[in-house]
Amino acid sequence: MEARDFELLIGQNIIDRYHSDSTRPQVFELVGMEWDLLDDVWPPTYSPGGELYAHLIPFADMSSFLEMGCGTGIMSVLAALAGVERVLGLDINPAAVRNTELNAARHHVAHRVTARESNLYSAVGPGERFDGIYWNPPFLNAPEETVDSSIWHETMFDPAYTKLRRFLSEGRGLLTPRGRAYLWFGEALGNPTLVSDLADETGYRLDVLQRVEMSEIPEALVDAFPADLTGGEGDGGGAWHLHLLELTPR
Ligand SMILES: C[S@@+](CC[C@H](N)C(=O)[O-])C[C@H]1O[C@@H](n2cnc3c(N)ncnc32)[C@H](O)[C@@H]1O
């Protein structure tokens, strides 16, 4: 099977699992705090991401922070709680915008967090600049012709990694002189050097802040992957990892 067909299959497995999941809570706990979860918003409990390592992002040095694809808005809220005065969460999914507002209110940082519906940076105002930009993006490079604009396809798939490339290249122009981009990402299945290639192409130096074995990922997501990618039995164990990456403009 072609790598991209394989990525389509993994994504479809996760989407099917989401729709048949009758145990999904309306409120969940992560990083020792409670969070609202609206329907049709990516549940971070399926695959906790960069928020587990938020302490590695230097929020104390930032006065502004943009979270792309904010989903439930956990990273936006953590940034605001860490003292960032102006936080902007963007998501193409209107439910995610509402969800981020709910969680900002729940944790008493609504005065610092704004959420906007946005296709990548389309809702960023002229002159807005950020000390940090972060995304836990759609990971899967499914064939373009198999992907539509439904919320769940937008959440899971990024054909040819067009969105990731734009996140980095257009984000560079929205950073303050000391600004950096942060990314939660795994080696792409069919292209393990993707992020370092993209960093070179878009003019960033890449540093790994945290590397996580796929075998540490919870059942809900691991089940969607074959065992040889997730550290199960066999030689290929642990072949796939997740990373919190810091990208500094060169
Ligand atoms: C894997 S989810 C991560 C959600 C959340 N940041 C988290 O870590 O739990 C990817 C998010 O990116 C959003 N997204 C996908 N394509 C987008 C686009 N073109 N513009 C803005 N957001 C997008 C999805 O709606 C989804 O909320």
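Throughout, residue positions are numbered sequentially from 1 according to the sequence presented. Bear in mind the structure is a predicted one, so any value in this text is a computation, not a measurement. Whatever order the structure lists ligands and atoms in, that order sets their numbers, starting from 1.
- Close N/O approach between Ile92 and ligand 1 is found [any backbone or side-chain N/O within under 3.5 Å].
- Atoms of ligand 1 lying under 4.0 Å from any heavy atom of Leu120, numbered from 1 in the order shown and given with element: 18 (C), 19 (N), 20 (N), 21 (C).
- Nearest protein heavy-atom contact of atom 15 (C) of ligand 1 is Glu154 O, 3.2 Å.
- For ligand 1, the polar-atom distance check against Gly69 finds a nitrogen or oxygen pair separated by under 3.5 Å.
- For atom 26 (C) of ligand 1, the nearest non-hydrogen atom of the protein is Asp91 OD2, 3.7 Å.
- Residue Ser118 approaches ligand 1 through these ligand atoms, each under 4.0 Å from one of its heavy atoms: 20 (N), 21 (C).
- Between Asp158 and Arg165 there is no salt bridge, since no side-chain nitrogen of the basic residue lies less than 4.0 Å from a carboxylate oxygen of the acidic one.
- Here the closest heavy-atom approach between residue Tyr18 and residue Arg24 is recorded as O-NH1, 2.8 Å.
- Atom 1 (C) of ligand 1 has as its closest protein heavy atom Asn136 O, 3.5 Å.
- Nearest to atom 19 (N) of ligand 1 among the protein's heavy atoms is Asn119 OD1, 2.9 Å.
- Around atom CD of Glu144, no more than 12 heavy atoms belonging to other residues, nucleotides or ligands sit under 6.0 Å away.
- Residue Glu67 has at least one heavy-atom neighbour below 4.0 Å for each of these atoms of ligand 1: 6 (N).
- A heavy-atom separation below 4.0 Å is not found between Thr72 and ligand 1.
- Residue Ala96 places every heavy atom at 4.0 Å or more from ligand 1.
- Between Phe167, Tyr121, Trp135, it is Trp135 that holds the heavy atom closest to atom 14 (N) of ligand 1.
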